[in-house]
Amino acid sequence: MSTVDQPVPAPVIARSTDPLGVEVPSTVPTHWYNLNADLPEPVPPHLHPGTHQPLTPPDLAPLFPMALIEQEVSTERYVEIPQTVREIYAMWRPSPLVRAHRLERVLGTRARIYYKYEGVSPVGSHKPNTAVAQAYYNAVEGITKLTTETGAGQWGASLSMACSLLGLTCEVWQVRASYDAKPYRRFQMETYGSVCHPSPSDLTEAGRAILAEMPDTTGSLGMAISEAVEAAVKDPEAHYSLGSVLNHVMLHQTVIGQEVLVQLAEAGERQADVVFGCAGGGSNLAGLTFPLIGQNLREGTTTRSVACEPAACPSLTQGEYRYDHGDVAGLTPLLKMHTLGKDFVPPSIHAGGLRYHGMSPMVSHAVNLGLMEAVAVEQDDAFAGGVLFARAEGIIPAPESTHAVATAIDYARTAQEGEVILIGLSGNGVLDLPAYSAYV
Ligand SMILES: *Cc1c(COP(=O)(O)O)cnc(C)c1O
């Protein structure tokens, strides 16, 4: 039976953005950190797709609630996390910062290796950090439904969970190839009460136009974004939600790095000397590293941040730094970013969450200013690192995360005595075991 025809069970919890009044441990951060406050040059503004002028808040109002539009351009250093969001964060935050003693021994490294593990969230990745915040601000503004796109399904599952917790409905366009080949995250989305369509679909003008031209296409994130944006614009009660790339998403993810600053100090470390994070749209990397880069800029620490991207979709290391659209149809604003071009269809690699033609404008800007470095990793090398990590530390990293793991392992082999290496372990790989099986 097609899921499109099934009635969606109503969300269990009535919409409530009021705090429950439960006590939130003081170890859950109270503020997100905004790198825009400390950058030597401001991030280039997003441009209107028609006029090519800087976007104004009313341009974005059909898609996003005003609170998120303000966060998109904010230069305030700290933004308070709403109490309702902190209560939900407290279900799995602070996430653990773990010393990888066994991995150190296996490698015979002279460095100390730590990993920050976001796989403890209910869906197994960092993505709920922004999904919960976005659902919250939309619910406060009276929106009843969110639309979005998803590739392998991590973002669709995260937003579905956030919507069910905050009493919103959720409609997801999933890239056709993943919809057919990887049904488990769709089952997750449906369990949370969402409706999930394969993209391209015949439900939107964008989808019908793509199908008329390419009836057999397996879809792409750029196509699915076009469909989800169109559906939101046409429904006055609906907004659209993006899981990475935009400035407000980077902001929400800084809860990761805010915790790391405290946890490293508790572990007796003055600083992380080098941090490795995987980069698709840039959000887990930004979330982990921006608070540390801010500390470099304000306090003179010398932490290096390294973006690890797939060699098959190398926007930072091979793309051009220029204005480009976020989607195929050209409906989204123009973003100044490292891009492989909006029509680039990445090869089908296992790390579905890293298959995006562009990159966060804030991460792109940080790389351009020399505040961050970037490397490209071959898929086989990434999996080799992931398997080594799993056999030493027990956790099977998400295929995306293995790009950071493998680069860190490589670095650790020749590291200096006492160097502190930090790995962003953005998620676990338990729903991606077929990819590991194919490698092993
Ligand atoms: C989606 C995803 C990524 C890539 O997205 P970013 O915005 O670059 O963080 C990385 N790791 C995991 C586990 C993911 O689910």
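Heavy atoms only: backbone and side chains are in, while hydrogens, waters and symmetry mates are out. For ligands, and for the atoms within them, numbers begin at 1 and follow the listed sequence.
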Q. Which atoms of ligand 1 are found less than 4.0 Å from any heavy atom of G427?
A. 13 (C)
Q | Identity and separation of the nearest protein heavy atom to atom 13 (C) of ligand 1 | A | S426 OG, 3.4 Å
Q. At a non-hydrogen distance cut-off of under 4.0 Å, which region of S360 contacts ligand 1 (side chain, backbone, both, or neither)?
A. neither
Q | Closest protein heavy atom (residue, atom, distance) for atom 7 (O) of ligand 1 | A | S244 OG, 2.5 Å
Q) Quick check: does S283 get an N/O under 3.5 Å from an N/O on ligand 1? A) yes
Q. Does a donor on one side chain and an acceptor on the other come within less than 3.5 Å for H338 and S364?
A. yes
Q: Just jot down the ligand 1 atoms closer than 4.0 angstrom to any heavy atom of G282, in number order.
A: 6 (P), 7 (O), 8 (O)
(Q) Starting from atom 1 (C) of ligand 1, what is the nearest protein heavy atom, named by residue and atom, and what distance separates them? (A) K127 NZ, 1.3 Å
Q. Is the closest N or O pair between G280 and ligand 1 shorter than 3.5 Å?
A. yes
Q) Under 3.5 Å, is there a donor-acceptor pair linking the side chains of E171 and T147? A) no
(Q) Side chains of H46 and E72: any donor to acceptor distance under 3.5 Å? (A) yes
Q: Hey, could you give me the OH/OG1 distance between Y321 and T339, rounded to the nearest 0.5 Å?
A: 12.5 Å
Q) Just by distance, with hydrogens left out, do Q263 and Y114 show a side-chain donor and acceptor under 3.5 Å apart? A) no
Q) With a 3.5 Å cut-off and no angle check, do the side chains of S160 and Q188 form a donor-acceptor pair? A) no
Q) Is it the case that Q134 and S241 place a side-chain donor and acceptor less than 3.5 Å from each other? A) yes
(Q) Can you confirm whether the side chains of E149 and Y240 place a donor and an acceptor under 3.5 Å from each other? (A) yes
**Q.** Sub-4.0 Å atoms of ligand 1 with respect to non-hydrogen atoms of Q154
**A.** 15 (O)
Q: Indicate whether any N or O donor in one side chain lies under 3.5 Å from an N or O acceptor in the other, for T56 and D59.
A: yes
**Q.** Closest protein heavy atom to atom 5 (O) of ligand 1, given as residue, atom name and distance to 0.1 Å
**A.** G353 O, 3.9 Å
Q | Nearest non-hydrogen partners of M250 and G282, listed with the distance | A | SD-O, 3.6 Å
Q: Below 4.0 angstrom from a heavy atom of C278, which ligand 1 atoms are there? Numbered from 1 as shown, please.
A: 10 (C), 11 (N)
Q: For H126 and ligand 1, answer yes if some heavy atom of the residue is under 4.0 Å from a ligand atom, otherwise no.
A: yes
Q: Identify, by atom number and element, the atoms of ligand 1 in contact range of A398, meaning under 4.0 Å from any of its heavy atoms.
A: 13 (C)
Q.
Under 4.0 Å, heavy-atom basis, I'd like to know which part of L354 is in contact with ligand 1: side chain, backbone, both or neither.
A. side chain
Q. Considering distance alone, does some N or O of G281 sit under 3.5 Å from an N or O of ligand 1?
A. yes
